[in-house]
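Read through the structure below, which is laid out as structure tokens, and then see the notes.
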Amino acid sequence: MTVLSCSREIPAEPQAVFAAIQDPVRLARWWGPNGFTNTFHTFEFRDDGSWLFTMHDQNGKEYPNEARFLEVVCNAKVRVRHVNLPHYDLTITLEPTETGTLVSWNTVFENSAFAENARDFLETANEQNLERLAIEVGSCNRSS
């Protein structure tokens, strides 16, 4: 197993960050690396809920995804198991700080060879994902 981790402090309360995760319209806007968009087919945001979606890259290639929400703790944590290849468990934690929320992103890949071969892409994609989340949270905070 290989673990990839990254984190980012977002200048908003955990409730505001969690809102951008639990709302499928908002999640579809920021989920994935730069240039990707999403179509959600099933989004059952609860423990053992199903999440079926297709990611689309900027060239129109489609990537079907099947996942399960293993655990959802309001304003604090979301655990997801990616069911189709590559198999991984993702844990997103939200910790309040003096200036906002520390979002930690920890991914455990079953196939270490895959994770090591794709490490540069995956680490960059995870950082971009957190940046897109921060932008989504910030744009909503400014409009309220």
Stepwise side chain to side chain contact (heavy atoms under 4.5 Å, CB included) check, Leu27 with Phe40: CA-CA 9 Å; Leu27 182 62; Phe40 289 4; 3.8 Å; yes
Any side-chain heavy-atom pair of Glu123 and Ser5 under 4.5 Å: no
NE2 on His41 to CD on Glu66, rounded to 0.5 Å: 11.0 Å
Any side-chain donor near an acceptor of the partner, Ser112 and Thr2, under 3.5 Å: yes
Nearest heavy-atom neighbours spanning Thr101 and Ala12: OG1-O, 2.6 Å
Arg29 to Arg132 - nearest heavy-atom pair and separation: O-NH2, 2.8 Å
Verdict with reasoning, Thr42 to Trp51, per side chain to side chain contact (heavy atoms under 4.5 Å, CB included): CA-CA 5 Å; Thr42 303; Trp51 183 21; over 6 Å; no
Approximate separation, where rounding is to 0.5 Å, of Asn75 CG and Phe18 CZ: 6.0 Å
OH on Tyr88 to CG on Asn106, rounded to 0.5 Å: 13.5 Å
Heavy-atom closest pair, residues Leu85 and His82: O-CE1, 3.7 Å
Val73 vs Glu71 side-chain heavy atoms within contact, under 4.5 Å: yes
ILVMFWY cluster, Val72 and Leu52 together (side-chain gap under 4.5 Å): no
Residue among Arg68, Arg81, Arg79 satisfying salt bridge (charged side-chain N to carboxylate O under 4.0 Å, His left out) with Asp48: Arg68
Residue pair Cys6 / Leu130: nearest heavy atoms and the distance that separates them: SG-CD1, 3.4 Å
Derivation and outcome, side chain to side chain contact (heavy atoms under 4.5 Å, CB included), residues Asn126 and Thr107: CA-CA 9 Å; Asn126 288 342; Thr107 312; 4.3 Å; yes
Common cluster, Trp105/Val78, ILVMFWY with side-chain heavy-atom separation under 4.5 Å: yes
Shared hydrophobic cluster, Val25 / Phe36 (ILVMFWY, side-chain heavy atoms < 4.5 Å): no
Gap between atom CZ of Phe45 and atom CD1 of Ile21 - 0.5 Å precision: 6.5 Å
Interatomic distance, Ile10 atom CD1 to Glu136 atom CD [nearest 0.5 angstrom]: 10.5 Å
Interatomic spacing from NZ in Lys77 to CG in Leu70 - rounded to 0.5 Å: 10.5 Å
Under 3.5 Å donor-acceptor, Gln128 side chain and Pro33 backbone: no
Within one Ile-Leu-Val-Met-Phe-Trp-Tyr cluster: Leu4 and Phe121, side-chain cutoff 4.5 Å: yes
Aromatic centroids of Phe53 and Tyr63 separated by under 6.0 Å: no
Ala20 backbone acceptor or donor facing Trp30 side chain under 3.5 Å: yes
Smallest separation among heavy atoms of Asn129 and Gly32, with atom names: OD1-N, 2.7 Å
Asn38 versus Trp31, side-chain donor and acceptor atoms under 3.5 Å: no
Heavy-atom closest pair, residues Pro14 and Gly100: CD-O, 4.5 Å
Residue of the set Leu94, Ile92, Leu102 for which side-chain contact (heavy atoms from CB on, under 4.5 Å) holds with Val17: Leu94
